[in-house]
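What follows is a single structure, written as structure tokens, with notes after it.
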Amino acid sequence: MITKELIKDVTISILRRAETTLPKDVKQALARAYEREENEIAKVQLEAMLENVRLAEELQRPLCQDTGLPLFFVTLGSCNVELSDIESGIREGVEEATDLIPLRSNVVDPILRRGEGANIGDRMPYINYLIDSDVDGLEILVFPKGGGSENMSAFTMLMPKPEAEALKAIKNFVLETVLNAGGKPCPPTIIGVGVGGSADMAMKLAKVAVIRPAGVRNTEERIAQAEEEILEAVNNTGIGPMGLGGNTTALDVHIETASTHITSLPVAINFQCWAARQAVAKIHEDGRVEYV
Ligand code: SF4
């Protein structure tokens, strides 16, 4: 049975895991970048990141002083659980985890700049709901999002164009945004690009894009090719790790698309910093928990 208490305990566990242990795909991408990098300063930066990752895991300490904004994706499958139990289980889990792990109190009122001190607040933690009838129970993905990378998010409404021109315009917008951002999103980043839908949907798609594991391409061939081309162009900017120069500005570029209005071409960009934290748990209908 899935209870509020179980959801709270799982929230604490996945937050701890996300904050202290980078996903394997990101660790491998950082290690590959270190091997490939030719710029000496960039190599030192990447080496320091890899050592940071190793120590955080060994000592079970957060990877970065910025422990992020508590963002969640909850996939609801076939299960009998009250939405209010999910909301309050996650909220209480975040509150307790802030004290236990511990986490920095990042959540504040946007105008008063004051918070409750436990990473909870108005509509925070932010929970996105997805429905998937193939899932037994529910899945909770936590995604603590660093402020430096989130602050460099960008959005534009491009003029609709024929395919080749549209892809070129999207690429130019990404490059312009990356150049403006420089070292601020703590590169090497994973760059999420949301194309299509409505304005808010494009932003959501960009966020979904950064969650995709590094090295996994869009299933549509022409979009996958655009991801490769943009990644190469971003790494040719020379911004490098932490903006100090080098060949590794991004670990990957992911594009997610949705159908849009005939007069629109919305494009949103979301950066994920090198501390690309996330963790997932599946809670089965009978109460069993699997950490993925
Ligand atoms: S953007 Fe990421 S790496 Fe940079 S300070 Fe924030 S959490 Fe840390």
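All ligand and atom numbering here is 1-based and tracks the order in the structure.
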(request) Scan residues 58-79 for pairs that pass salt bridge (charged side-chain N to carboxylate O under 4.0 Å, His left out), counting only residues two or more places apart or in two chains. (result) Arg54-Glu58, Asp66-Arg104

(request) Sequence neighbours left out, what passes salt bridge (charged side-chain N to carboxylate O under 4.0 Å, His left out) with Glu116? Give chain and number order. (result) none

(request) Check each heavy atom of Arg277 against ligand 1 and say whether those closer than 4.0 Å belong to the side chain, the backbone, both or neither. (result) side chain

(message) Tell me whether ligand 1 is touched by Glu150 - counting only heavy atoms on the residue side and a distance under 4.0 Å.
(response) no

(message) Can you tell me which residue among Ile230, Val178, Ile255, Thr177 is in a side chain to side chain contact (heavy atoms under 4.5 Å, CB included) with Ile191?
(response) Val178

(request) Can you sort out which atoms of ligand 1 are near Gln65, meaning under 4.0 Å from one of its heavy atoms? (result) 5 (S)

(request) Compute whether any side-chain donor of one residue and acceptor of the other, for Glu19 and Thr67, lie under 3.5 angstrom apart. (result) no

(message) Under 3.5 Å, is there a donor on one side chain and an acceptor on the other for Asn270 and Glu150?
(response) yes

(message) Strictly under 2.8 Å of atom 4 (Fe) of ligand 1: which protein N/O/S atoms qualify?
(response) Cys186 SG

(message) Please enumerate all residues that pass side chain to side chain contact (heavy atoms under 4.5 Å, CB included) together with Asp99, with sequence neighbours excluded.
(response) none

(request) Give the minimum heavy-atom separation between His254 and Ala209, together with the two atoms involved. (result) ND1-O, 2.7 Å

